[in-house]
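Just so it is clear: chains get the letters A, B, ... in the order the sequence lines come, proteins before strands, and each one is counted from 1.
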2 protein chains.
Amino acid sequence: MYTDLVNFVEQLVPLNSGEWEAAYPFIESLELKRNDFFVEEGDIAQYIAFTRKGYLRVFYNHDGEEITRDISPLNTFVTALPSFISQTPSFEIIQAVTDCDLLIIHRDNLELLYNEYINWQKVGRRVMEEMFVDTQYRIYAFITQTAETRYKEMMKRYPDIFLHVPLQYIASFLGITSQSLSRLRKSIRFEE
Amino acid sequence: MYTDLVNFVEQLVPLNSGEWEAAYPFIESLELKRNDFFVEEGDIAQYIAFTRKGYLRVFYNHDGEEITRDISPLNTFVTALPSFISQTPSFEIIQAVTDCDLLIIHRDNLELLYNEYINWQKVGRRVMEEMFVDTQYRIYAFITQTAETRYKEMMKRYPDIFLHVPLQYIASFLGITSQSLSRLRKSIRFEE
DNA sequence: AATTATACTTAACAAATGATAAAAAATAAA
DNA sequence: TTTATTTTTTATCATTTGTTAAGTATAATT
């Protein structure tokens, strides 16, 4: 049940059994069916999720168009952070792309953990650091690489995502239209 | 001396005087002349900086070309995070674009603070959260906006940067060549 | 001041991506 | 299975941005 979460956290900050025991009562389980929402527009994000199974996408409504800013790989933390932090209505929408098994923690309980255990506070910091570094790399990719290179790298790094996530979301994630992605895939097919 | 730093931190996490007193001995001051390096390629980043005066840019060498991934606004934290976290040689280079007054903290001392004071650990987490949110917005801008819009928004948000940072760095930061930025600025000049 | 180096601009052409519209394919619903 | 809906692909043309090369302006050095 908790195996993947434990492994993920332990890799960042080794915790003793007391620290884990304190956390378990706060960890709830949530199953989402495909297309279910984890956070809807205007919601105040109360939970942070760890994706045990399935894929979530984070998107915005931008002039009636859905802009996918993130597709969560397996075993990562996901929430609408601006809303979660400041308890304001969320402009980010989080939806299940496939059926999902999530572990979720309520913000209030996470605060309790954070304030009681310096090591849980540290986990929070380390998770954010890693997410920040990932995001910086993505900016680097936007600056230096063409959409084709970004696509190929994504294929290499997250092949599983391509098996489960519609191409239109992937296109948006890569910063191009689905038509451009289609063209790009065609040109790759005839490459070698 | 510490005013801006104190304001910045207090806005995220209010600290008592004991927590500040514990930190002061660790805070060193560093002045950089224009073009001085804060982190050179291959260095192991030992310090995190708070920019009291002046602008730092974070860039990579990408096929002999310098790719500016970040230009630090005033009163922000800057370091080569991947290197700083894992104490590995840095591929990120950090250089002073103008003369700079920095407050810096050594990694070892920061760790001491983090491990001694849950509230300093919390500061670390909150700083990372804010930086992460900023970076996510930047990705959103890359996906949805044209270079012209990104340029205009940057003008609005950081007008001071344009007074002190060469356009070639700004172009790279926006994800375009300096020639494209030039053309773009020209077309804006003749707009109204 | 003259010289050199650096930064910025301009121009013409090439390449990448967007916009629009439509067809084809895949999936879901009846 | 048939029908309807959604997703993906194709194609054409427009726009944005890159590339190359040159010129101009600005700043640094002698």
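- Rounded to whole Å, the distance from CD1 on A:I170 to C1' on D:dT7 is 13 Å.
- For the residue pair A:S180 / A:R183, a side-chain donor-acceptor distance below 3.5 Å is found, with atom types taken as modelled.
- Within the structure, every side-chain polar atom (N or O) of B:K186 is placed at least 4.0 Å from both OP1 and OP2 of C:dC8.
- Picking from C:dA7, C:dT17, D:dT17 the nucleotide with the shortest atom distance to the side chain of B:Y169 gives C:dA7.
- One side chain, A:Q95 or A:R57, offers a donor N or O that lies under 3.5 Å from an acceptor on the other.
- Distances shown here put a side-chain N or O of A:R189 below 4.0 Å from the OP1 or OP2 atom of D:dT10.
- Candidate nucleotides D:dT8, D:dG18, D:dT10 were compared by shortest atom distance to the side chain of B:I176, and D:dG18 ranks first.
- B:T146 comes within 4.0 angstrom of sugar-phosphate atoms only, judged by non-hydrogen atoms across all strands, and of no base.
- We find that CD of B:Q145 is positioned 11 Å from P of D:dT17, with the value rounded to whole Å.
- Rounded to an integer number of Å, the gap from CG of A:L174 to C1' of C:dG18 is 15 Å.
- Considering only the side chain of A:R183, C:dT17 comes nearest among C:dT17, D:dT20, D:dA11.
- Here the P atom of nucleotide C:dT10 and the CG atom of B:L167 are 12 Å apart, to the nearest Å.
- Rounded to an integer number of Å, the gap from B:L184 CG to D:dG18 P is 10 Å.
- Between the side chain of A:R52 and the main chain of A:M1, a donor-acceptor pair closer than 3.5 Å is present.
- Between B:F77 and B:F8, a ring centre-to-centre spacing shorter than 6.0 Å is recorded.
- Between the CZ atom of B:F142 and the C1' atom of C:dG18 there is a distance of 18 Å, given to the nearest Å.
- Annotation: A:F162 is in aromatic contact with A:Y151 [ring centroid separation under 6.0 Å].
- If you check C:dT10, D:dT8, D:dT16 against the side chain of A:P166, the one that comes closest is D:dT8.
- Taking atom CG of residue A:N35 and atom P of nucleotide C:dT27, one finds them 14 Å apart after rounding to whole Å.
- If A:S178 and B:T177 are placed on DNA chain D by their nearest nucleotide, the residue sitting closer to the 5' end is A:S178.
- Considering only the side chain of A:Q168, D:dT8 comes nearest among D:dT12, D:dT8, C:dA12.
- In this structure, the CD1 atom of B:I188 is 15 Å from the C1' atom of C:dT9, given to the nearest Å.
- Side-chain proximity of A:Q179 to the nucleotides D:dA21, D:dT10, D:dT8 is greatest for D:dT10.
- Put simply, B:S180 has no side-chain N or O that comes within less than 4.0 Å of OP1 or OP2 on D:dT17.
- You'll find that the side chain of A:R34 is closest to C:dA28, out of C:dA28, D:dT9, C:dC8.
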